A.B. asks: 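Here's a structure for you.
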Amino acid sequence: TTSLMFAGVCIFILAPNSKANNLLGMELLLGFAIGLSLGLLGGGGSILMVPALVYLLGQTPQAAVTTSLAVVGANSLMGANFHRTQGTLNWRVALVFGWVGMLTAFLASGFSKLIPSTVLLIAFAVLMLVIGSFLLIRKEVKNTVELEKPLWVTLVSGAAVGILTG
């Protein structure tokens, strides 16, 4: 429940284009619903948050992506802390993937200003469809033993996520 309330408060605080008094209820409701989906599904917050911020709260796509990154990032920190206390956090992957992703997102963020909002939303929708398709067609892993991936896989994956989110 903490992450649900946190998501609602973050949307309220980070929604620069909203009329605070009129949209507070909508922002809190959206924050609660998106936080609930994050808690139940373990991810997918930005897939829900960006369209909600753009179409329901009137943010620009660039502002919506930034807001969703802040909320999902904070939620991820809470989830990482939970896994740390359970002993299930892979620090090597988390730190390498996180730092490379943040660095490339920062470097790529200047390019999003050059892309028209409509193109950004279409690209976001196509990316959601591609990722959703991969989730539907992936084969279930029957081996419960975690295999350590090479460092380059973590570096490339983090950079790719950073570029896409930047």
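This is a predicted model, so every value here is computed, not measured. Residue indices begin at 1 and follow the sequence shown.
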A.B. asks: Is Val126 reachable from Ile137 through a run of I, L, V, M, F, W or Y residues, each pair having side-chain heavy atoms under 4.5 Å apart?
C.D. replies: yes
A.B. asks: Between atom OG1 of Thr67 and atom CG of Leu57, what is the distance when rounded to the nearest 0.5 Å?
C.D. replies: 9.5 Å
A.B. asks: Shortest non-hydrogen contact from Thr104 to Gly101?
C.D. replies: OG1-O, 3.2 Å
A.B. asks: Tell me whether Gln59 contacts the main-chain N or O of Ala64 through its side chain, where contact means a donor paired with an acceptor under 3.5 Å.
C.D. replies: yes
A.B. asks: On a heavy-atom basis, which atom in Ile115 and which in Val119 lie closest, and how many Å separate them?
C.D. replies: CG2-CG1, 3.6 Å
A.B. asks: For Leu89 and Ala94, work out which heavy atoms get closest and say how close.
C.D. replies: CD1-CB, 4.0 Å
A.B. asks: So which heavy atom on Ala108 is nearest to which on Gly162, and how close?
C.D. replies: CB-O, 4.4 Å
A.B. asks: State, yes or no, whether a side-chain contact exists between Phe97 and Val161 at a heavy-atom distance under 4.5 Å.
C.D. replies: yes
A.B. asks: Which heavy-atom pair separates Val96 from Leu155 by the least distance, and what is that distance?
C.D. replies: CG1-CD2, 3.6 Å
A.B. asks: Using 0.5 Å steps for rounding, measure from the CG atom of Asn90 to the CG atom of Leu95.
C.D. replies: 9.0 Å
A.B. asks: For Tyr55, enumerate each residue passing the side chain to side chain contact (heavy atoms under 4.5 Å, CB included) test, keeping only those at least two apart in sequence or located in another chain.
C.D. replies: Pro51, Leu121
A.B. asks: With no hydrogens and no angle check, is any side-chain donor or acceptor of Ser157 less than 3.5 Å from a backbone partner on Thr154?
C.D. replies: no
A.B. asks: Say you draw a straight line from CG of Leu120 to CG of Leu127; how long is it, rounded to the nearest 0.5 Å?
C.D. replies: 11.5 Å
A.B. asks: Taking side chain to side chain contact (heavy atoms under 4.5 Å, CB included) as the definition, give me every residue that meets it alongside Leu103, ordered by chain and number, with sequence neighbours left out.
C.D. replies: Leu107
A.B. asks: Could you work out, with salt bridge (Lys or Arg N to Asp or Glu O under 4.0 Å) as the rule, every residue matching Arg92, not counting sequence neighbours?
C.D. replies: Glu148
A.B. asks: Applying the 4.5 Å side-chain criterion to the ILVMFWY set and letting contacts propagate, would Leu129 and Leu136 be lumped into a single cluster?
C.D. replies: no
